[in-house]
Amino acid sequence: MANERRYTSRRAGITKALADKLATIDGRGLYKQAVAETSPRLRFWDEIESFPAVHLNAGSETRQYQTGGYKDRFLNVTVRCYVNEDDSVAALDELLEDVETVLEENSRLKYNDRNGLEQFTHQITIISIDTDEGVLDPLGVGEILIEVRY
């Protein structure tokens, strides 16, 4: 198409693809937890109906300009994990390990841009992992901050 944009927002495509991959955490094989709910958008505690839950929030995005007009894009994404179990600290640790496994195995993630074209991320890097350390027991919340380079 003559009017088609060369650069489109890929935030929604990336977070949807990540949420779809995280939904495969089923408690079998390498996984210790079985995710009941995933969402490519952040939800509040009172909106969560099933635990464990994993929700994503696309944050800031930066560009790094290379030669020849090429740009690297970097998208910060918060992966928020929720559990509701008697030992919330242990359950949350297991869920965070499961999420990390999915992220490491899918660093080159396939997603679709706003034009419906298939794209791939270059790299997914875990920046930090943080938890509530049992303060909300039996509820538990943890966050993994990742940077998606595409």
Side-chain angles (χ1 to χ4, degrees), residues 7-66 71-150:
Y7 296 104
T8 61
S9 175
R10 299 183 182 176
R11 300 164 64 88
I14 290 170
T15 54
K16 180 181 179 333
L18 279 169
D20 290 346
K21 288 292 182 187
L22 293 168
T24 65
I25 297 173
D26 61 3
R28 295 184 288 187
L30 294 173
Y31 304 123
K32 299 188 188 309
Q33 291 284 324
V35 171
E37 178 181 305
T38 61
S39 173
R41 298 203 186 279
L42 189 61
R43 294 192 182 165
F44 295 104
W45 276 105
D46 60 344
E47 296 176 295
I48 300 172
E49 296 178 9
S50 303
F51 292 90
V54 180
H55 299 163
L56 298 122
N57 183 40
S60 63
E61 194 170 344
T62 59
R63 307 281 190 276
Q64 189 175 63
Y65 295 90
Q66 310 289 344
K71 330 175 192 182
D72 281 320
R73 296 172 175 205
F74 298 88
L75 173 63
N76 289 320
V77 177
T78 301
V79 181
R80 190 157 297 143
C81 302
Y82 303 96
V83 297
N84 186 358
E85 292 190 29
D86 289 336
D87 188 351
S88 66
V89 173
L92 188 57
D93 282 346
E94 289 177 349
L95 181 57
L96 291 169
E97 288 174 14
D98 290 345
V99 170
E100 185 174 0
T101 298
V102 169
L103 295 173
E104 294 291 337
E105 290 180 350
N106 293 282
S107 189
R108 184 163 162 74
L109 179 71
K110 181 172 72 170
Y111 66 95
N112 291 322
D113 66 16
R114 288 173 50 94
N115 292 330
L117 300 174
E118 191 174 274
Q119 304 286 345
F120 289 90
T121 61
H122 298 294
Q123 182 176 342
I124 297 175
T125 304
I126 295 174
I127 304 299
S128 65
I129 300 174
D130 194 20
T131 73
D132 69 347
E133 294 300 326
V135 172
L136 303 171
D137 205 32
L139 299 173
V141 62
E143 287 185 350
I144 301 177
L145 178 60
I146 62 174
E147 180 183 72
V148 179
R149 181 175 152 235
Y150 66 98

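Just so it is clear, the structure is predicted and the values come from calculations on it, not from any experiment.
- To the nearest 0.5 Å, atoms CD (E143) and CD1 (I127) are separated by 13.5 Å.
- A donor-acceptor pair under 3.5 Å links the side-chain atoms of R11 to the main chain of G59, judged by distance alone.
- Across Y111 and Y150, no two heavy atoms sit closer than the pair OH-CD1, 3.5 Å.
- Once rounded to the nearest 0.5 Å, the distance linking OG1 of T125 with CG of L103 reads 10.5 Å.
- Separation of atoms CZ (F74) and CD (E61) is listed at 11.0 Å; rounding is to 0.5 Å.
- For the pair L95 and V54, the minimum side-chain heavy-atom distance is below 4.5 Å.
- Minimum interatomic distance between S88 and P138 (heavy atoms only, all atoms of both residues): CB-O, 3.4 Å.
- Nearest approach of S39 to A19, heavy atoms of both residues: C-CB, 4.0 Å.
- No donor-acceptor pair under 3.5 Å is formed between the side chain of N115 and the backbone N or O of L117.
- A side-chain donor-acceptor contact under 3.5 Å links E47 to the backbone of F44.
- Counting all heavy atoms, side chain and backbone alike, C81 lies closest to L92 at O-CD1, 3.8 Å.
- Between the side chain of D137 and the main chain of L139, no donor-acceptor pair closer than 3.5 Å is present.
- The heavy-atom pair separating V102 from Y31 by the smallest distance is CG2-OH, 3.5 Å.
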Practice task
Quick one: do L136 and W45 satisfy side-chain contact (heavy atoms from CB on, under 4.5 Å)? Show the steps, please.
Solution key: CA-CA 12 Å; L136 303 171; W45 276 105; 4.0 Å; yes

Problem - Chi angles and distances behind the side-chain contact (heavy atoms from CB on, under 4.5 Å) call for L22, V35 - result: CA-CA 8 Å; L22 293 168; V35 171; over 6 Å; no

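- With a 6.0 Å radius and a threshold of 12 heavy atoms from other residues, nucleotides or ligands, R41 has its CZ atom at or below the threshold.
- Checked by atom type and distance alone, the side chain of T121 pairs as donor or acceptor with a backbone atom of L109 at under 3.5 Å.
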Practice task
Evaluate the side-chain contact (heavy atoms from CB on, under 4.5 Å) criterion for residues R149 and Q64: first the C-alpha distance (whole Å), next the side-chain angles of each, then the deciding distance (0.1 Å), finally the verdict.
Solution key: CA-CA 10 Å; R149 181 175 152 235; Q64 189 175 63; over 6 Å; no

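- Looking only at distances, a side-chain donor or acceptor of S107 sits under 3.5 Å from a matching main-chain atom of I124.
- At a cut-off of 3.5 Å, with distance as the only test, no side-chain donor of N112 or E118 sits close to an acceptor on the other residue.
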Exercise for the section: Apply side-chain contact (heavy atoms from CB on, under 4.5 Å) to H55 and I48, showing your working. Expected result: CA-CA 10 Å; H55 299 163; I48 300 172; 3.7 Å; yes

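- Heavy-atom neighbours of R63 CZ from other residues, nucleotides or ligands within 6.0 Å: above the threshold of 12.
- Side chain of D98 to backbone of Q33: a donor-acceptor contact under 3.5 angstrom is found.
- Taking the side chain as every heavy atom from C-beta outward, E94 and V83 never approach each other to under 4.5 Å.
- Under the side chain to side chain contact (heavy atoms under 4.5 Å, CB included) test applied with L145, the options I129, T78, V79, V77 reduce to a single match, T78.
- Looking at Q119 and R10, their side chains come closer than 4.5 Å, going by heavy atoms from C-beta outward.
- Residues I126 and E104 form a side-chain contact, since some pair of their non-hydrogen atoms from C-beta on lies under 4.5 Å apart.
- Side chain of T24 to main chain of K21: a donor-acceptor pair is present (N/O by atom type, distance under 3.5 Å, no hydrogens or angles).
- The CZ atom of F51 lies 8.0 Å from the CD atom of E37; values are rounded to the nearest 0.5 Å.
- Judged by distance alone, with hydrogens and angles left aside, the side-chain atoms of T101 form a donor-acceptor pair with the main-chain N or O of E97 at under 3.5 Å.
- Interatomic distance, CG of L75 versus CZ of R73, reported as 10.0 Å (0.5 Å rounding).
- Checked by atom type, the side-chain pair D72/Q66 shows a donor-acceptor distance below 3.5 Å.
- Residues P52 and A34 approach most closely at CD-O, 3.4 Å, considering heavy atoms.
- In this structure a side-chain-to-backbone donor-acceptor pair under 3.5 Å is present from D87 to A90.
- Distance check, rounded to the nearest 0.5 Å: CD of E100 to CD1 of I146 gives 11.5 Å.
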